[in-house]
Protein chains: 2
Amino acid sequence: MATLADPVDLLGEARRIAAGVDRLFEGALADRCDGRDRLCAAMRHAGIGGGKRLRPLITVAAARLFALDEERALRAGAAIEAIHVYSLIHDDLPCMDDDDLRRGKPTVHKAFDEATAVLAGDCYHALAFELLADERTHEDPFVRSELVLELARASGIDGMGGGQAMDLAAEGETLDLGAITRLQQLKTGALIEYAVEAAVIMGRVAPEGRAPYRGYARNVGLAFQIADDLLDHEGDEEAAGKKLQKDAEMGKATFVSLLGADRARQQAQMLVDQAIEHLHAHGEEADLLRAIARYAVERDR
Amino acid sequence: MATLADPVDLLGEARRIAAGVDRLFEGALADRCDGRDRLCAAMRHAGIGGGKRLRPLITVAAARLFALDEERALRAGAAIEAIHVYSLIHDDLPCMDDDDLRRGKPTVHKAFDEATAVLAGDCYHALAFELLADERTHEDPFVRSELVLELARASGIDGMGGGQAMDLAAEGETLDLGAITRLQQLKTGALIEYAVEAAVIMGRVAPEGRAPYRGYARNVGLAFQIADDLLDHEGDEEAAGKKLQKDAEMGKATFVSLLGADRARQQAQMLVDQAIEHLHAHGEEADLLRAIARYAVERDR
């Protein structure tokens, strides 16, 4: 229930939006009743009924700033989540992070096999663009086209994919704070920034008016990453549903290893405060975005 | 040189278009001079200076039917080639076909490493949509949006990706002619059909006028696949630049194992004749498409 201290029901909104993403994925991933059933099952295993759905939540929250249709924002958010899910499936592969557990369940290559995991990731990748380019996401093809172009950029070599390559290259290297910030801005920040950008594009905000939303997104993305490093450092594997402290074991620098836990926590809080400040021109329509920013540092997993 | 018997210089056109694809990929894959350089190098290794570039050749040839700007058709063709390259990189991985050689060079995971190969494939996948959604590919956002939607469908679970899953599921099974035709229509046919469809979309052909072009594409796609099976059966590994007869070794059905070489050859020739028949309403602007159809069965690799 909304109160003065807690003006939005973040958990309730997150659950509702997660259910919407599940519904969109279920619609796309029904069994084909032929040799593709194992692929469909692997995709459902990876993408339905799990995860925080942070990126769709951000897109739907940002869509409120411009009074956009929520179902359309949800479709764009589900496209971003499809990119996120594909990246997790591929990241977990033995040749990448070699993880057995994700969201408390066996990873796709464990529950199925490696070849199916590669294909399941690739098909989530295609699904993202299929969701975006559909007229149900936006009636204006110019908007759809811009949504596609920016998602391709945010996920490719100058976004998430490039950040993952930097992460591979960093093994055995000692990155400083600037390098790790840059790496994380590409690896995880670009897609979170796009989650806000998608609403900004759908809201037809003129390019010169987009800076505050980018500022919010950049600060929140970095705050989430620092908080992830803190949770990884202090957290509980069972609650997290995945293996923790892998970076520390591999001698990789994190915000916590570079700043120490106390300064990392202060830094994350400062980023959250700045993110909320970027929304000062907005009233209560920005409350969900403000709650998401606070959640970045207040969550326990 | 063009003569009556050989009205178009297929080899010359193919070389010119391959050089155009190289140019577009080179523009996108310049070193970033940071931790992404190994990824950029792997992507250049996989995608530049090799391959028949059949799909871009088909798109540029089909674009002539509607007198479209060739540079724009080339961009759409390069997007399709980017999808093709990503699928080859991932197909060659140890957990998939485990191939060491591709286009006469070491595969990406051999020349670099598996993690880089996964990322290089993923970044070619994103590059495809980045190329398509750019206004340089088409000035009309409706056209760009349709190009994106149809490529996502042709490469995902109801296209190439789904066909690859069927191929995995077929291991140890004995497929009949209907099942193998369906498998190949998804696995390799969908992207070849899209190579024609892209030009049809850019040429703003009304939906009711698209059937002959789909017929051409479907027949040519299947003819190429049957000819591939024949080359695999009879060919020379050195000329092919890859390992041959893997399907036979694994007991997988092919058009040649099901029909025998003679009937497979007749079937491919019939498909080529039918493909050319679909172009009967066109004059010499369809000569390059006709030459490509004939090449499907006349090539030696």
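We name chains A, B, ... by the order of the sequence lines, and we start the count at 1 in each one.
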Quiz item: Pick from A:G162, A:A169, A:A117: which one has the most heavy-atom pairs with chain B under 4.5 Å?
Solution: A:G162
Quiz prompt | Atom of A:C123, atom of B:G156 and distance for their closest heavy-atom approach | solution = SG-C, 3.9 Å
Practice problem: State whether the side chain of A:R36 and the backbone N or O of B:I157 hold a donor-acceptor pair below 3.5 Å, judged by distance alone. | Solution: yes
Self-check item: Pick from A:A170, A:G159, A:C40, A:A165 with the largest number of heavy-atom pairs that fall under 4.5 Å of chain B
Solution: A:A165
Quiz prompt | Residues from residues 22-30 of chain B approaching chain A under 4.5 Å (heavy atoms) | solution = B:L29
Quiz prompt | Best-contacting candidate, B:M96, B:Q164, B:H125, B:E114, against chain A by heavy atom pairs under 4.5 angstrom | solution = B:H125
Quiz item: Given that the side chain runs from C-beta out, which part of A:M160 has a heavy atom under 4.5 Å from chain B: side chain, backbone, both or neither?
Solution: neither
Practice problem: Write out, in numerical order, the residues from residues 179-203 of chain A with a heavy atom short of 4.5 Å from a heavy atom in chain B. | Solution: A:R182, A:L186
Self-check item: Nearest-0.5 Å distance that lies between atom CZ in B:R32 and atom CE in A:M166
Solution: 10.0 Å
Practice problem: Among A:S155, A:S145, A:G161, single out the residue with the greatest number of heavy-atom pairs under 4.5 Å to chain B. | Solution: A:S145
Self-check item: Residues of residues 75-93 of chain B within contact distance of chain A, non-hydrogen under 4.5 Å
Solution: B:Y86, B:H90, B:L93
Quiz item: Counting heavy atoms not belonging to A:K110, are there more than 12 under 6.0 Å from its NZ?
Solution: no
Quiz item: Do you know which of A:V143, A:V148, A:L119 has the most heavy-atom pairs with chain B at a distance under 4.5 angstrom?
Solution: A:L119
Quiz item: Is it true that atom CD of B:E135 has more than 12 heavy atoms of other residues, nucleotides or ligands lying nearer than 6.0 Å?
Solution: no
Quiz item: Looking at A:A128, A:A154, A:A126, which has the largest count of heavy-atom pairs under 4.5 Å with chain B?
Solution: A:A126
Exercise. Under 4.5 Å heavy-atom distance to chain B, tell me which part of A:D122 shows up: side chain, backbone, both or neither.
Key: both
Self-check item: Side-chain heavy atoms of A:V118 within contact of B:C95, under 4.5 Å
Solution: yes
Quiz item: Are side-chain heavy atoms of B:L39 and A:L168 found at a separation under 4.5 Å?
Solution: no
Self-check item: Heavy-atom pair count under 4.5 Å with chain A, highest-scoring of B:A152, B:P141, B:G163
Solution: B:P141
Quiz item: What part of A:D158 is in contact with chain B, defined as an atom under 4.5 angstrom from a non-hydrogen atom: side chain, backbone, both or neither?
Solution: both
Quiz prompt | Residue pairs fulfilling salt bridge (charged side-chain N to carboxylate O under 4.0 Å, His left out) with at least one residue in residues 141-157 of chain B, sequence neighbours excluded | solution = A:E130-B:R153, B:E146-B:R210, B:E150-B:R153
